[in-house]
Structures are given as structure tokens and as C-alpha cells.
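Have a look at the structure below before the remarks.
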Amino acid sequence: RHIPGAQFYDLDAGAATNTTLPHMLPKAEKFRADMSALGVGNQSQVICYDAAGLFSAARLWWMLKTFGHENVYVLDGGLPKWERDSFALETGTAKSVHNTNFKVELNQSKVKSIDEVSSALSSKSAQLADARSGTRFRGEEPEPRPGVRPGHMPGAKNVHYASLLDADGTMKARAELQEAFTSAGVDLNRPIITTCGSGVTAAILSLALAELESNQNSLYDGSWAEWGASDQTAVTGQL
């Protein structure tokens, strides 16, 4: 089931192909080609949604923003809320669309590498907000990916993505979003780098920060899948 007229985008198929890390931002040309095949133009208003409520849609929102497309939004509550509200649905494959010539321009300031994150932690030039659960953040459970150590980056703050969502899968009110960050020790007036397990739920934090008009933020694309597997990075809170 899907919303009438919707097109399907697969985060795995759309990810970078020159790395073993999951969900990494693709090269500009691949993203341009993928969006063009979906009929997305530079004047298009894009609304992202997913079947979970608010999960992977935020990652596509962040990707479009990072590649310079500003007219993009996330459907609050996603497909589950759409269904609960009894809006129209259709089944079967998505309708065919005309290819466009979607132009992209990478905003490098919105995506961080492992070296940039390490430098930011050393210099304290930015804060790290980790979207993983508290038990994963504290290293109280093994990581789901083989070869990845449990724990978190020294100095990172834990803002579990679920703490930003209401029980119905919609995003909390702005005052509650602000409280989730500030109670975790994140200063919304200073630069923030969001991170998670593989760069997907980190985008939910980025979306919440956009709601709070906290614009000095970026996302660590490799996230814990990269940091936790490296023998060159420091880890704290591990088992």
C-alpha cells in the first residue's frame, strides 16, 4: 500500500557503492540519476514518508537537503498516520513518470567524515548528539554489526531518536524537542553533529534541529558503524 502518486526510494539501493559501510551518501551523479528517474525536478516539492511513521524518511529528507534541494518535507507520522486518518491509498507498482534532469550541488558542510568528527571532539568545536538507544550508547549491549565495538565517542551526548517522537509516531512539539536536547546536555546555540548506528536515525535528530531552527548542524555519515569498527578511534562506555 502507498499514497497515490508516490514513488519508491530504497535507501540501500541508493547508497554509495564504493564502500562497505551501510547507507552512505552516494556520489552526486548517482543521486542525481536516482532522483531524475523518480521524476523529481529542481522545482518539485518533495514530501518524504515511510511505513514506520517517522524513521527512514528523515534520511531521504537530509540527503535532498545536503544535495541542495530546499523544497523538501517529511510527512509527520508517515504511512501509519495517513492510514489512521483514512486518507486514500493505492496498491501495486508506482505509476511511471517522466525522467527529469535533476541538478544537485553537494553542501559539504552538512556531512562530516570520521577525521572531521575526531577533530571536532578534540577541539570541542562541535557537540556530538548520538541517536542510538541508551543501552547501546552506554555499551550495555553488543552492537548488531560484527566487528563493531560497543560504547560511544568520548564527549558525545545521548539523544535517543525515540525521545523526539510521540507514541503515534509523530514528532513532538517544539518545547518537548528542545527539552530532549537540553536535558541531554546539548547546547542548541552551538554547532551539533548528529550520529547514530549507520546514519539513518541521526537524520531524525537533524530534522528535529531544523524544527528548532538550530541551523549549525551536520551529520556524521559513517556514524558508529565506522567509528566503532576503527582501531584508530577512542571509545568509552564499552562492555
*In terms of the angle between their ring planes, are F67 and F31 parallel, tilted or perpendicular, with boundaries placed at 30° and 60°?*
parallel

_Parallel, tilted or perpendicular, judged at 30° and 60°: which one describes the rings of F87 and W82?_
tilted

Between atom [atom1] of [X] and atom [atom2] of [Y], what is the distance when rounded to the nearest 0.5 Å?
| X | Y | atom1 | atom2 | result |
| --- | --- | --- | --- | --- |
| F102 | D34 | CZ | CG | 11.0 Å |
| S230 | R149 | OG | CZ | 6.5 Å |
| F137 | M153 | CZ | CE | 9.5 Å |
| M35 | K30 | CE | NZ | 9.5 Å |

[X] atom [atom1]: more than 12 heavy-atom contacts under 6.0 Å:
| X | atom1 | value |
| --- | --- | --- |
| K172 | NZ | yes |
| Q43 | CD | no |
| E105 | CD | no |

Check this for me: does any side-chain nitrogen of one of [X] and [Y] sit under 4.0 Å from a carboxylate oxygen of the other?
| X | Y | answer |
| --- | --- | --- |
| E179 | R174 | no |
| E140 | R138 | yes |
| R1 | E90 | no |
| E70 | K65 | yes |
| R59 | D221 | yes |

*Evaluate the criterion salt bridge (charged side-chain N to carboxylate O under 4.0 Å, His left out) for residue pair E141 and R136; output intermediate values, then yes/no.*
CA-CA 6 Å; E141 61 175 291; R136 284 182 67 186; 5.5 Å; no

On a heavy-atom basis, which atom in [X] and which in [Y] lie closest, and how many Å separate them?
| X | Y | value |
| --- | --- | --- |
| L79 | L89 | CD1-CD2, 3.6 Å |
| A129 | V186 | CB-CG2, 4.5 Å |
| A51 | P80 | O-CG, 3.4 Å |

Look only at the side chain of [X] and the backbone of [Y], and say whether a donor-acceptor pair between them is shorter than 3.5 Å.
| X | Y | result |
| --- | --- | --- |
| S223 | G197 | no |
| T170 | D166 | no |
| D50 | F55 | yes |
| Q216 | N189 | yes |

*Answer yes if the side chains of S113 and E116 hold a donor-acceptor pair under 3.5 Å, and no otherwise.*
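Side chains of S113 and E116: pair found under 3.5 Å.
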
*Are H23 and D12 linked by a side-chain donor-acceptor pair shorter than 3.5 Å?*
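The answer is yes; a qualifying pair exists.
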
*Taking the six-membered ring for Trp, is the centroid-to-centroid distance between Y49 and H2 below 6.0 Å?*
no

